[in-house]
Amino acid sequence: MNLIGIDRSQSLSCWTSPLLHAHKIPHWFSKRDPPDSNWIAQRLGSHNARAARVKQVHGSQWVDAATCDGEPLQLADAIITNDPLLVPIISTADCCPVLVVCLHSKSCAAIHAGWRGIALDIVGESLRALVERFGADPKHMVAAIGPCASVERYEVGEDVIDAFTQQGLSEALRSSPSAHKAFANCSDAVRILLQRSGMQRNLIESNPPCTMGDATFASHRREPENKVRMLSGVSIPR
């Protein structure tokens with residue numbers, strides 16, 4: 001497991017996507033104790049690169065990384081860019097971190113997709129922004145869904161069931177023995193939304209490790225008192 005621009009000792013604190021690695025896409029899915037976001041940015045991009053961050057609100061808003069400068073942070077759940085010196089970085093602890101790169105337009109996005117964002121199609125909104133802003137082509141996009149809660153452990157109530165059903169994502173729900181509950185497959189729901197936006201199935205990595213079942217990752221459901229969040233970021237390939 002060797003990241004582009006990251007040595008093996010550093011990579012032990014993160015999870016690597018085989019698909020993004022195969023396409024030589026610099027990326028980072030941190031584990032439980034992430035390093036500083038600018039440290040990540042400079043190793044994925046260059047020593048001049050900086051992290052672009054937002055205040056995540058479980059919505060459907062995206063921002064251009066060029067506007068992510070200073071305080072207070074903008075309210076959004078996705079960051080897009082075509083600037084190799086800007087590295088979009090989002091934080092998660094059971095929600096899906098989604099990293100997308102268009103190899104045609106040399107643009108990328110980092111997306112925070114919890115169940116609310118999935119129901120509001122933050123994924124589709126972000127890909128449409130890449131197309132409209134930077135001339136990206138979904139058929140030339142590569143995406144990886146990082147560590148998140150797996151369907152085997154992520155039991156949800158009627159609010160999530162209704163939201164997924166209304167978005168046409170009922171196939172991402174699995175029945176539960178508990179009344180009025182189901183197990184939600186958020187990574188599969190994201191994969192469906194990526195394909196709806198025009199991406200090719202073989203260019204989507206959608207079987208990440210489970211944060212709830214692996215203590216090397218941060219999990220809000222497993223440890224609700226723990227405020228640690230994992231960081232995920234992506235840089236445009238050189």
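Values below: every heavy atom of this structure, side chains too, minus hydrogens, waters and symmetry copies. Please read these numbers as outputs of a predicted model, since none were measured by experiment.
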Over all atoms of both residues, closest heavy-atom pair of [X] and [Y]:
{"X": "Ala113", "Y": "Val98", "value": "CB-CG2, 4.2 Å"}
{"X": "Gly213", "Y": "Arg222", "value": "N-NH1, 4.4 Å"}
{"X": "Phe183", "Y": "Glu152", "value": "CE2-O, 3.6 Å"}
{"X": "Cys95", "Y": "Gly114", "value": "SG-CA, 3.4 Å"}
{"X": "Cys68", "Y": "Val54", "value": "SG-CG1, 3.9 Å"}
{"X": "Arg32", "Y": "Ala215", "value": "NH1-O, 3.6 Å"}

Checklist entry - Are Ile236 and Ile111 connected, step by step, through hydrophobic side chains (Ile, Leu, Val, Met, Phe, Trp, Tyr) whose heavy atoms are closer than 4.5 Å? => result no

Item to check | From Cys102 atom SG to Leu127 atom CG, the distance as rounded to the nearest 0.5 Å | outcome: 9.0 Å

Item to check | Separation between OG1 of Thr16 and CH2 of Trp28, rounded to the nearest 0.5 Å | outcome: 8.5 Å

Could you check whether any side-chain N or O of [X] sits under 3.5 Å from a backbone N or O of [Y], counting only pairs where one atom can act as donor and the other as acceptor?
{"X": "Arg50", "Y": "Asn38", "result": "no"}
{"X": "Gln200", "Y": "Lys139", "result": "yes"}
{"X": "Ser30", "Y": "Leu231", "result": "yes"}
{"X": "Arg53", "Y": "Ile89", "result": "yes"}
{"X": "His140", "Y": "Ala136", "result": "no"}
{"X": "Glu205", "Y": "Ser17", "result": "no"}
{"X": "Asn82", "Y": "Lys106", "result": "no"}
{"X": "Asp121", "Y": "Gly124", "result": "yes"}
{"X": "Thr211", "Y": "Ala149", "result": "yes"}

Checklist entry - Run the salt bridge (Lys or Arg N to Asp or Glu O under 4.0 Å) check on Arg174 and Asp188 step by step: do they pass? => result CA-CA 11 Å; Arg174 183 183 296 179; Asp188 199 46; over 6 Å; no

Item to check | Of Gln56, Glu125, Arg116, Gln61, the residue whose pairing with Asp77 passes side-chain contact (heavy atoms from CB on, under 4.5 Å) | outcome: Gln56

Checklist entry - Do you know which of Ile204, Leu130, Leu203 makes side-chain contact (heavy atoms from CB on, under 4.5 Å) with Met141? => result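 Result for side-chain contact (heavy atoms from CB on, under 4.5 Å) with Met141: Leu130.
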
Next on the checklist: By the definition side-chain hydrogen bond (donor to acceptor under 3.5 Å, both in side chains), identify the one residue from Arg191, Gln195, Arg201 that meets it with Ser206.
Outcome noted: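 Among Arg191, Gln195, Arg201, the one that satisfies the side-chain hydrogen bond (donor to acceptor under 3.5 Å, both in side chains) with Ser206 is Arg201.
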
Checklist entry - Less than 6.0 Å separating the ring centroids of His112 and His58? => result yes

Item to check | Greater than 12 external heavy atoms within 6.0 Å of Asn207's CG | outcome: no

